[in-house]
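Naming: A, B, ... by sequence-line order, numbering from 1 per chain.
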2 protein chains.
Amino acid sequence: MRLDAFDRKILAILQKDNTTPQRTIGEAVNLSAPAVQRRIKRMTEEGVIRANVAVVDPVALGQSITIFVEVEVISETAAQIEAAKREFAAAPEIQQCYYVTGEADFILVVVVPAMADYEALTRRLFFGNNNVKRFRTFVAMDRVKVGLGVPVEGY
Amino acid sequence: MRLDAFDRKILAILQKDNTTPQRTIGEAVNLSAPAVQRRIKRMTEEGVIRANVAVVDPVALGQSITIFVEVEVISETAAQIEAAKREFAAAPEIQQCYYVTGEADFILVVVVPAMADYEALTRRLFFGNNNVKRFRTFVAMDRVKVGLGVPVEGY
DNA sequence: TCTCCGGACGAAACAAACTTGCAAAACAGA
DNA sequence: TCTGTTTTGCAAGTTTGTTTCGTCCGGAGA
């Protein structure tokens with residue numbers, strides 16, 4: 001279904017703070033609270049809104065290390081790729097996993113309490129997987145900007 | 001402040017769905033609704049909970065291309081790095097920006113409607129910045145797993 | 001051991017937000 | 001223009017969030 005300007009503006013607000021009262025959203029977009037509520041409900045049912053989540057500070061939880069990993073595989077058959085996707089997706093330390101084009105095949109974002117945990121992960125997922133040709137590690141020193149939002153334009 | 005097992009369990013729930021009623025959370029963790037409410041309030045004030053956001057499907061918004069970029073800079077003085085951080089953080093297309101160690105200095109996650117928009121971004125931020133030595137692009141073909149959560153353990 | 005004190009809890013009362021039914025307005029196609 | 005469809009706003013009803021208040025538990029000091 002097509003999203004109109006109201007929907008996009010509502011999404012822009014919810015991506016910043018989904019605890020904003022519908023009445024407040026309504027005032028911002030010039031719509032009544034029930035109208036806002038119905039649009040949110042519809043977008044949720046249609047999958048435009050995938051989830052509503054709290055963003056937690058990793059440092060507060062003692063899970064302070066964020067690591068990017070580029071993974072290159074040996075065999076890129078559909079079956080092998082699917083197997084790798086499943087394996088990466090199943091690991092709780094892997095917060096984000098993308099299958100990409102370029103000089104690598106996968107890019108992972110890993111969050112762990114300490115480097116030792118990352119080493120354990122590499123042994124388990126990379127050295128223990130003989131389809132992994134090579135992987136390259138980048139340790140985050142500063143999370144300058146962290147968002148999962150989608151830029152909303154055209155309203 | 002130290003988080004106990006109740007806090008961690010509450011966080012685990014809120015990271016999945018922060019619209020869960022406090023009463024329901026209370027039943028899950030064996031606490032009354034007001035107790036849950038007080039803990040959430042405290043964790044929000046302390047910054048453990050950074051934000052409450054809706055996760056939107058980029059495809060639904062027509063912003064379907066996700067791109068990873070490794071950026072290497074020429075000069076790594078503190079002033080230059082801070083300038084780069086500010087510039088990257090200010091770009092709305094850049095959803096995530098990390099300052100990292102390894103073979104690159106920054107890793108960016110860019111979300112744009114089309115490749116042409118990414119090209120415009122490269123001209124503006126990379127070719128237009130004479131401190132950028134080199135950048136490498138990875139286009140996501142499949143967002144296998146997308147999360148900003150933090151693994152919660154020990155409860 | 002006893003008492004005091006601070007912190008956290010649960011029950012209940014209260015306030016705010018969400019949800020639904022319904023009639024009217026806006027809109028698209030014939 | 002007319003009609004059918006869709007969406008809106010209002011108001012009532014329901015659920016959820018918040019505050020209050022009295023109680024309990026655990027530690028510090030006499």
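A straight line from CG of Leu3(B) to C1' of dA8(C) spans 16 Å, rounded to a whole angstrom. Straight-line distance from the CG atom of Leu31(A) to the C1' atom of dA25(C): 14 Å, rounded to whole Å. In this structure, Phe6(A) places its CZ atom 12 Å from C1' of dA26(C), rounding to the nearest Å. Regarding Asp4(B), its CG atom lies at a distance of 18 Å from the P atom of dC25(D), rounded to whole Å. The nearest whole Å value for the distance from the CE atom in Met43(B) to the C1' atom in dA8(C) is 15 Å. In this structure, Ile40(B) places its CD1 atom 12 Å from P of dC9(C), rounding to the nearest Å. Distance Arg39(A) CZ to dC18(C) C1': 18 Å, rounded to the nearest Å.
When only modelled atom types and interatomic distance are considered, Asn52(B) and Asn18(B) share a side-chain donor-acceptor pair under 3.5 Å.
In this structure, Asp105(A) and Val71(A) have side chains that are not in contact, with every pair of non-hydrogen atoms separated by 4.5 Å or more. Side-chain atoms of Val69(B) and Ile107(B), non-hydrogen and from C-beta on, never get closer than 4.5 Å to each other.
Here the side chain of Gln37(B) is nearest to one of dC9(C), dT18(D), dG9(D), namely dT18(D). Here the side chain of Ala35(A) is nearest to one of dT20(C), dG9(D), dT18(D), namely dG9(D). Comparing dT19(D), dC9(C), dG9(D) against the side chain of Lys41(B) picks out dT19(D) as the nearest.
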Side-chain donor/acceptor pairs under 3.5 Å, residues 116-123 of chain B, sequence neighbours excluded:
unit_1: Asp117(B); atom_1: OD2; unit_2: Ala114(B); atom_2: N; d: 3.1
unit_1: Tyr118(B); atom_1: OH; unit_2: Thr137(B); atom_2: OG1; d: 2.7
unit_1: Thr122(B); atom_1: OG1; unit_2: Glu119(B); atom_2: O; d: 2.6

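Between the side chain of Arg38(B) and the base of dG7(C), no donor-acceptor pair of N or O atoms lies under 3.5 Å.
For residues 18-28 of chain B, proximity to DNA chain D is found at Pro21(B), Gln22(B), Arg23(B), defined as any non-hydrogen atom under 4.0 angstrom from a strand atom.
Contacts of Val109(A) classified as side chain to side chain contact (heavy atoms under 4.5 Å, CB included), with partners at least two apart in sequence or in another chain: Thr66(A), Phe68(A), Gln96(A).
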Quiz item: Is there a salt bridge (charged side-chain N to carboxylate O under 4.0 Å, His left out) between Glu45(B) and Arg42(B) once you walk through the steps?
Solution: CA-CA 5 Å; Glu45(B) 287 168 352; Arg42(B) 175 173 53 76; over 6 Å; no
Exercise. Kindly indicate, with the supporting measurements, whether the criterion salt bridge (charged side-chain N to carboxylate O under 4.0 Å, His left out) is fulfilled by Arg39(A) and Asp4(A).
Key: CA-CA 10 Å; Arg39(A) 282 166 182 271; Asp4(A) 63 14; 3.0 Å; yes
